[in-house]
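Worth knowing before you read on, the calculation uses all heavy atoms, side chains too, and leaves out hydrogens, waters and symmetry mates. A, B, ... follow the sequence lines: proteins, then strands. Residue 1 opens every chain.
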2 protein chains.
Amino acid sequence: MGAIEAPSGDELLKVLAALGNPHRMRIVAALAGGRNYVSGLAREIGMSRPLLHMHLQRLETAGLVVGTLELSDSGKAMKFFEVAPFGYALTPQAVAEAARTLTDQAPDGKSAGAPGRNAQHGKTQHGKASDEKEETQ
Amino acid sequence: MGAIEAPSGDELLKVLAALGNPHRMRIVAALAGGRNYVSGLAREIGMSRPLLHMHLQRLETAGLVVGTLELSDSGKAMKFFEVAPFGYALTPQAVAEAARTLTDQAPDGKSAGAPGRNAQHGKTQHGKASDEKEETQ
DNA sequence: GCCACGTGTCAGATTCTTCTTACACACCCG
DNA sequence: CGGGTGTGTAAGAAGAATCTGACACGTGGC
């Protein structure tokens, strides 16, 4: 019966909390139309840079966008962001399944090992299977 | 082929914000295992009734659960809750599409009539789909 | 050197959400 | 009639999220 791989409760929770915000939704929408760098994006959607920075950080932590620092021909460092090819199915069973592996995140939980920051876990029919290595950041 | 009906931005936003909470996720999970009434559910998941009441209200507003007030044989009024057969696909395009119809409106109530709130977009494996009626607030 | 552009981060105020406590009512049973 | 069950709601504290402003740094061009 379980056709698709269920995401961990913490992961799904982070994704939903990240997407459950009008500004962040708009950011993802703007990024879905094409990649952009922080200041340009801030101008496009009319938001202060520090605020956009926070939202982008939240989205990146949830694995919904990825940022790459590039150097323009002028030599200026510009951080480009683009949407990650995520795909989640939101159904009662999926939520129930995820809630099973839901760890009541303690205020201090990350001691040794990966901080649980994982992006792709092919949930839906997204054949996109770029391998994912766990990098201990 | 974009034959699928996209949810309104406000609707998707409400759903994501409602599900982006560990307690509410657990509530949906508990309710997916079977219907229950408020006090019983509060005992089952170990939560105070007023708090559970608030969370249930939030979930019901988002259209994720439905509550029906029934009378037990003893004559006691008991409010039973059960999960609504919702189904949302969370992809970059879906978010972008929803963000297009995102009204950043004030806490003031909506003007009139039932807005086009559509829940089922059967792209995931979920057979049964009885449509629910729209209840404003 | 100074300014325009890019980056990141911090402190503080504000606003929202969450949670507890306490109250209101209705019904049944001893 | 008091005590058990069920319901709903309101006030206020506690906490987390949001947002603004100012600061830091680096590079290219006048």
Asks: Would you say that B:E60 contacts B:V65 through its side chain, given a criterion of any heavy-atom pair below 4.5 Å between the two side chains?
Replies: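 Result yes, sub-4.5 Å side-chain heavy-atom pair found.
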Asks: Round to the nearest Å and state the distance from B:F81 atom CZ to D:dT7 atom P.
Replies: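 Atom-to-atom, B:F81 to D:dT7, this comes out as 9 Å.
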Asks: Hey, does A:L59 have a side-chain heavy atom less than 4.5 Å from the side chain of A:L19?
Replies: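 Side chain of A:L19 against side chain of A:L59, heavy atoms only: contact under 4.5 Å found.
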Asks: Which nucleotide in the set C:dT20, C:dT17, C:dC19 lies at the smallest distance from any side-chain heavy atom of B:S48?
Replies: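 Per side-chain heavy atoms of B:S48, the pick is C:dT20.
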Asks: Taking only N and O in the side chain of A:H55, is any of them less than 4.0 Å away from OP1 or OP2 of D:dA17?
Replies: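 For A:H55, the contact criterion (side-chain N or O under 4.0 Å from OP1 or OP2 of D:dA17) is not met.
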Asks: Is any side-chain N or O of A:H53 closer than 4.0 Å to OP1 or OP2 of D:dC19?
Replies: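 So the side chain of A:H53 is outside the cut-off, no N or O lying under 4.0 Å from OP1 or OP2 of D:dC19.
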Asks: Could you state the atom-to-atom distance from CD1 of B:I45 to P of C:dC19 in whole Å?
Replies: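 Atom-to-atom, B:I45 to C:dC19, this comes out as 11 Å.
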Asks: Quick check on DNA chain D: between A:G75 and A:M47, whose nearest nucleotide comes earlier from the 5' end?
Replies: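 It is A:M47, whose closest nucleotide lies nearer the 5' terminus.
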Asks: Below 4.5 Å, heavy atoms only, C-beta onward: do A:L52 and A:I45 meet side chain to side chain?
Replies: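 Answer yes - side chains close enough.
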Asks: Find the distance B:F80:CZ to D:dG8:P and express it as a whole number of Å.
Replies: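 Value for this atom pair: 12 Å.
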Asks: Could you tell me whether a side-chain N or O of B:T101 sits under 3.5 Å from a main-chain N or O of B:G9, the two making a donor and an acceptor?
Replies: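 Yes; judged by distance alone, with no hydrogens or angles, the pair exists.
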Asks: Just compare C:dG6, D:dC19, D:dG6 and give me whichever is closest to any side-chain atom of A:M78.
Replies: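 Selected nucleotide: C:dG6.
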Asks: Could you give the CG-to-P distance, from A:L69 to D:dG26, as a whole number of Å?
Replies: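 From A:L69 CG to D:dG26 P: 14 Å.
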Asks: Nearest heavy atom decides the nucleotide; on that basis, is A:K76 or A:Q57 closer to the 5' end of DNA chain C?
Replies: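 That would be A:K76.
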Asks: To the nearest Å, give me how far apart CG (A:L51) and C1' (D:dG21) are.
Replies: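 The answer, rounded to whole Å, is 12 Å.
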Asks: Got a second to check how far A:E97's CD is from A:T91's OG1, nearest 0.5 Å?
Replies: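 Separation between the atoms: 9.5 Å.
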Asks: Establish whether B:F86 and B:F80 are linked, either directly or via other cluster members, by ILVMFWY side-chain heavy-atom contacts under 4.5 Å.
Replies: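 Unlinked, B:F86 and B:F80 end up in two clusters.
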Asks: Any side-chain N or O of B:R49 below 4.0 angstrom from OP1/OP2 of C:dT21?
Replies: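 No, no such contact exists.
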Asks: So A:M25 and B:L12, do their side chains get closer than 4.5 Å, heavy atoms only?
Replies: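 They are in side-chain contact.
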Asks: Give the nucleotide from the list C:dC19, D:dT20, D:dT7 with an atom nearest to the side chain of B:K79.
Replies: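 For the B:K79 side chain, the nearest candidate turns out to be D:dT7.
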Asks: Report the distance from atom CG of B:L52 to atom P of D:dT9, rounded to the nearest whole Å.
Replies: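 Between P of D:dT9 and CG of B:L52: 14 Å.
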Asks: Looking only at atom types and distance, does a side-chain atom of A:S74 sit under 3.5 Å from a main-chain N or O of A:K76, one as donor and one as acceptor?
Replies: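 No, because the side chain of A:S74 does not come within donor-acceptor range (under 3.5 Å) of the backbone of A:K76.
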Asks: Tell me which residues in residues 28-40 of chain A lie within less than 4.0 Å of DNA chain D, going by non-hydrogen atoms.
Replies: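 None - not one residue of the stretch has a heavy atom sitting under 4.0 Å from the strand.
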Asks: What integer distance in Å separates A:L59:CG from D:dA17:C1'?
Replies: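 The distance from CG of A:L59 to C1' of D:dA17 comes to 14 Å, rounded to the nearest Å.
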Asks: Write down the distance between NE2 (B:H23) and P (D:dG15), rounded to a whole number of angstrom.
Replies: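 These atoms are roughly 15 Å apart.
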Asks: Going by heavy atoms in the side chains, are A:V38 and A:L56 under 4.5 Å from each other?
Replies: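 Sidechains of A:L56 and A:V38: in contact.
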Asks: Which stems does DNA chain C form, counting runs of 3 or more consecutive Watson-Crick or G-U wobble pairs with both distances under 3.5 Å?
Replies: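 Stems (3+ consecutive pairs) listed as C:1-30 with D:1-30.
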Asks: Using the side chain to side chain contact (heavy atoms under 4.5 Å, CB included) rule, pick out the option among B:H55, B:R49, B:Q57 that qualifies with B:H53.
Replies: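 Considering B:H55, B:R49, B:Q57, a side chain to side chain contact (heavy atoms under 4.5 Å, CB included) with B:H53 is found only for B:Q57.
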Asks: Which nucleotide in the set C:dC5, C:dT21, D:dT20 lies at the smallest distance from any side-chain heavy atom of A:P50?
Replies: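 That would be D:dT20.
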